[in-house]
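To start, the structure under review is shown below, and the notes come after it.
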Amino acid sequence: MAYTQANPQNPRFSVLSSSSLSSAEHLSPNSSRFSLPNTPSINTTLGTPRPNLRPNIYDRHLSKTRAAEVSASSFAYLFSEVVQYTQKRVSGINDLERRLNILGYRIGMRVLELNVWRTESTSKAPKREIRFLPALMSIHTQVWRAVFGKPADAIEKSVENDDEYMIVDNEPPITRNISIPRDMSQLSCSSFTAGIVEAVLDGLGFVHDWILPKTPLPIQYVQPARVTAHNTPSDADAYPGRTTILIKLERSVIEREELLK
Amino acid sequence: MRKADAENKDIFLLDKTKAMSHHIFILSPTDTPLYSLTHYSSKPVQSTGSSLSSNLPSWSTSAFAGTLTALSGASSATQHHTSGGGGVRVGGGQDRHVIQMIANASLDAIEEVMRRDSAMYLKSVDKFNEWIVSAFVTAGNKDMKFIILHETKNDDGIKVFFNDLWELYVKTAMNPFHTAHTPIRSAVFDSRVRASAKKNL
């Protein structure tokens, strides 16, 4: 590099520069490749104030949602690639669901942080959710609306176990284009959604124990998933893709709820 | 290095003129600081306490002695609340690691309050010698905590500052490579926090 800069007559250099010359530069053959007059012309054609700088993450607005929607088909394509990529690297269905859960977890963390900011940052005294049922309701409506554009279809409480709750989605948008092979009928790609739910509940301190192990690893590498996804097609076959997200609460959370009553 | 020296000298000079200092920390769920900032405000401060520290021999302000005096200051402050309360502002209270310890020690008080109180902004949640500790708990990531150590009450200014910090933090967290345990090293983040601190504290 030092050599080419010291010697502008280097033939390799001139080949490079002529190939990357813009049409404006052809008119003035004397201008060097790194000359500045190039920049304003790009500037005016694109109409951006600073063409060299991408907008900084801190310059962007957190509440502009209108142009932030992603086309469903491109998401379906991306998600199918995610599933295929993961599937090549796992040893079974459990492992695959576990990894999809982890990927969803990374999204859920951000969804929670962003959603709370959007709803609370303008209020005089911002609040966190510390009770479980309102938190579950807000997942059912607000989180679902932020992620899928519609609220979930039902919330259920297990009859047998008092620490189990369920969120039901009749037609999960992310698995709309996925058909599960017969020999993998156990698999539910909504494990991804389960990961999102797990992150939200975990962030609010409901799924795992309050005290974290002192490790730099995210919690989900240390403990098994407490939120899982299951295929539960409805009897009348109206919703073949119906999915239930099963939430299993930590015992200490239920005790805390009792105390807060 | 030379710039850091100059800054230290500035800080020292400001300290002599009794500028009010604020210590700001962002603590991860595992209680490790992800970001910290010491801000010296130029706003006038009402004189509290005597200038005992200036009369002490130089060795007593060394790091170790500072810890001792800071900690013994705590016990004397609680025992002789009326008689010796004024003189607790000693050199140790300004030591970096003592400040850090005070911030981390206040986590006990913060965690107790945040289990039953759903407010995010916990004002004057803890006290230690001359320091008042205010905190802000975000909702996500198992509760990221912003902690600020300040000497005088300034509830509204701190509230505005925390709101700015919250917005900046949420933007940081939107980065797909950021986790709840990633230290925040962005220069833009730092300059925005400093600007907000300058305006509000």
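Quick note on labels: first sequence line is chain A, next is B, and so on, each numbered from 1. In what follows, every heavy atom counts, from backbone to side chain, and hydrogens, waters and symmetry copies are set aside.
Taking every heavy atom of both residues into account, A/Arg106 and B/Pro176 meet most closely at NH2-O, 2.9 Å. Shown here for B/Ala180 and A/Met109, the closest heavy-atom pair between the two residues is N-CE, 4.5 Å. The nearest pair of heavy atoms linking B/Trp166 to A/Ser121 is CZ3-CA, 3.6 Å. Here the closest non-hydrogen pair linking B/Met114 and A/Arg128 is O-NH2, 2.6 Å.
With a threshold of 4.5 angstrom between heavy atoms, B/Asp117 approaches chain A through N, CA, C or O but not through any side-chain atom. Proximity to chain B (any heavy atom under 4.5 Å) is shown, for A/Glu120, by both the backbone and the side chain. The parts of B/Thr172 that come within reach of chain A are both its backbone and its side chain, each placing non-hydrogen atoms under 4.5 angstrom from that chain.
Considering only heavy atoms from C-beta on, B/Met174 stays 4.5 Å or farther from A/Arg60 through its side chain.
To the nearest 0.5 Å, atoms OG (B/Ser186) and CG (A/Asn56) are separated by 6.5 Å. Atom CD of residue B/Glu167 and atom NE2 of residue A/His61 lie 7.5 Å apart, to the nearest 0.5 angstrom. Here the NZ-OH distance, from A/Lys124 to B/Tyr121, works out to 14.0 Å after rounding to the nearest 0.5 Å.
Of all the listed residues (B/Thr182, B/Thr32, B/Asn163, B/Val137), the one sharing the greatest number of non-hydrogen pairs under 4.5 Å with chain A is B/Val137.
Annotation: residues 84-92 of chain A contacts chain B through no residue [non-hydrogen atoms, separation under 4.5 Å].
Using the six-membered ring where Trp is involved, A/Tyr58 and B/Phe189 have ring planes that are tilted, between 30° and 60° apart.
B/Thr138 and A/Glu113 form a side-chain donor-acceptor contact under 3.5 Å, judged by distance and modelled atom types alone.
Other residues, nucleotides and ligands place no more than 12 heavy atoms under 6.0 Å from the NZ atom of B/Lys127.
Scored by the salt bridge (Lys or Arg N to Asp or Glu O under 4.0 Å) test, A/Lys248 finds A/Asp163, A/Glu164 as partners (sequence neighbours excluded).
B/Lys171 contributes no side-chain N or O that, together with a main-chain N or O of A/Leu62, makes up a donor-acceptor pair within less than 3.5 Å. A donor-acceptor pair under 3.5 Å links the side-chain atoms of A/Arg110 to the main chain of B/Asn175, judged by distance alone.
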